[in-house]
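Below is one structure, written out as structure tokens, with a few remarks after it.
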Amino acid sequence: MKRRYYQWVVNNFQHPYPKEKDRMDLTGGQVSKQHFKWWFSNFRSRNLEPRFNEEGNRYFVPRPSFIRTCIRYKIEIPWSLPESSCPRAKRQ
């Protein structure tokens with residue numbers, strides 16, 4: 001199940017806030033709404049670093065732990081992620 005969550009984040013990296021429909025698609029309704037929200041909240045705080053551009057818009061930069069876990073789960077990471085965002089992780 002965790003691999004599916006990580007894949008969803010990679011696919012929705014610019015806005016990693018799943019909606020109710022995403023919860024149902026990812027879990028089949030087997031995980032409570034509260035548990036799902038907690039998992040993603042904890043995930044974002046541990047794996048994504050929020051930053052702000054000149055206009056004040058928030059965006060996320062992956063932490064090395066996120067990159068390492070994606071590599072471990074064999075999740076392809078788009079090359080559009082900046083190289084500087086994964087200084088200690090090797091891309092495959």
Side-chain angles (χ1 to χ4, degrees):
M1 180 100 35
K2 198 186 289 188
R3 184 186 192 288
R4 293 177 72 184
Y5 293 175
Y6 272 81
Q7 184 66 60
W8 186 90
V9 171
V10 167
N11 294 338
N12 297 277
F13 196 78
Q14 297 303 317
H15 189 75
Y17 296 90
K19 299 188 181 326
E20 180 64 20
K21 181 187 179 307
D22 299 319
R23 180 180 76 86
M24 295 302 286
D25 291 345
L26 289 169
T27 68
Q30 297 177 357
V31 175
S32 73
K33 185 176 184 177
Q34 191 63 47
H35 178 80
F36 188 76
K37 287 171 67 174
W38 282 337
W39 190 92
F40 273 92
S41 177
N42 287 334
F43 172 85
R44 284 187 298 271
S45 67
R46 293 176 182 152
N47 293 285
L48 305 178
E49 183 178 334
R51 296 202 181 155
F52 295 89
N53 61 16
E54 296 86 27
E55 293 87 33
N57 298 322
R58 187 163 99 171
Y59 67 97
F60 294 94
V61 174
R63 296 177 196 249
S65 60
F66 174 75
I67 303 296
R68 285 191 301 268
T69 302
C70 286
I71 290 169
R72 184 170 12 116
Y73 286 141
K74 296 184 170 100
I75 296 172
E76 185 176 336
I77 302 168
W79 288 105
S80 60
L81 293 175
E83 282 291 330
S84 61
S85 68
C86 47
R88 289 182 267 160
K90 294 180 182 175
R91 292 184 180 243
Q92 293 181 339

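Hydrogens, waters and symmetry mates are skipped; everything else that's a heavy atom, side chains included, is used. For reference, positions follow the sequence shown, starting with 1.
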Examine distances only and state if a side-chain atom of [X] and a backbone atom of [Y] form a donor-acceptor pair shorter than 3.5 Å.
{"X": "Arg44", "Y": "Pro16", "value": "yes"}
{"X": "Thr27", "Y": "Arg23", "value": "yes"}
{"X": "Arg46", "Y": "Arg63", "value": "no"}

As an exercise, state the distance from [atom1] of [X] to [atom2] of [Y], rounded to the nearest 0.5 Å.
{"X": "Asn42", "Y": "Lys37", "atom1": "CG", "atom2": "NZ", "result": "13.0 Å"}
{"X": "Gln34", "Y": "Trp39", "atom1": "CD", "atom2": "CH2", "result": "15.5 Å"}
{"X": "Arg4", "Y": "Gln7", "atom1": "CZ", "atom2": "CD", "result": "10.5 Å"}
{"X": "Thr69", "Y": "Ile75", "atom1": "OG1", "atom2": "CD1", "result": "8.5 Å"}
{"X": "Glu49", "Y": "Phe60", "atom1": "CD", "atom2": "CZ", "result": "10.5 Å"}

Shortest non-hydrogen separation from [X] to [Y] and the atoms involved:
{"X": "Met1", "Y": "Leu26", "result": "SD-O, 3.7 Å"}
{"X": "Pro50", "Y": "Arg58", "result": "CB-CD, 4.1 Å"}
{"X": "Leu48", "Y": "Pro62", "result": "CD2-CA, 4.1 Å"}
{"X": "His35", "Y": "Val31", "result": "CD2-CG1, 3.2 Å"}

> What do you reckon, are the aromatic ring centroids of Phe43 and Trp8 less than 6.0 Å apart?
Replying inline: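 No; Trp8 has its ring centre 6.0 Å or more from that of Phe43.
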> In chain order, what residues pass the salt bridge (charged side-chain N to carboxylate O under 4.0 Å, His left out) check against Glu54, with sequence neighbours excluded?
Replying inline: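 By the salt bridge (charged side-chain N to carboxylate O under 4.0 Å, His left out) rule, Glu54 matches no residue at all.
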> Does the side chain to side chain contact (heavy atoms under 4.5 Å, CB included) test come out yes or no for Val9 and Phe66, once each step is laid out?
Replying inline: CA-CA 10 Å; Val9 171; Phe66 174 75; 3.9 Å; yes
> For the hydrophobic clusters of this structure (ILVMFWY residues joined by side-chain heavy atoms under 4.5 Å, transitively), does one cluster hold both Tyr73 and Phe13?
Replying inline: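 Yes, one cluster joins them.
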> Ser65 and Arg68: side-chain donor and acceptor closer than 3.5 Å?
Replying inline: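 Distance-only check fails for Ser65 and Arg68.
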>> Can you classify the ring geometry of Tyr5 versus Phe40 as parallel (below 30°), tilted (30 to 60°) or perpendicular (above 60°)?
In response: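 Geometry flag for Phe40 against Tyr5: tilted rings.
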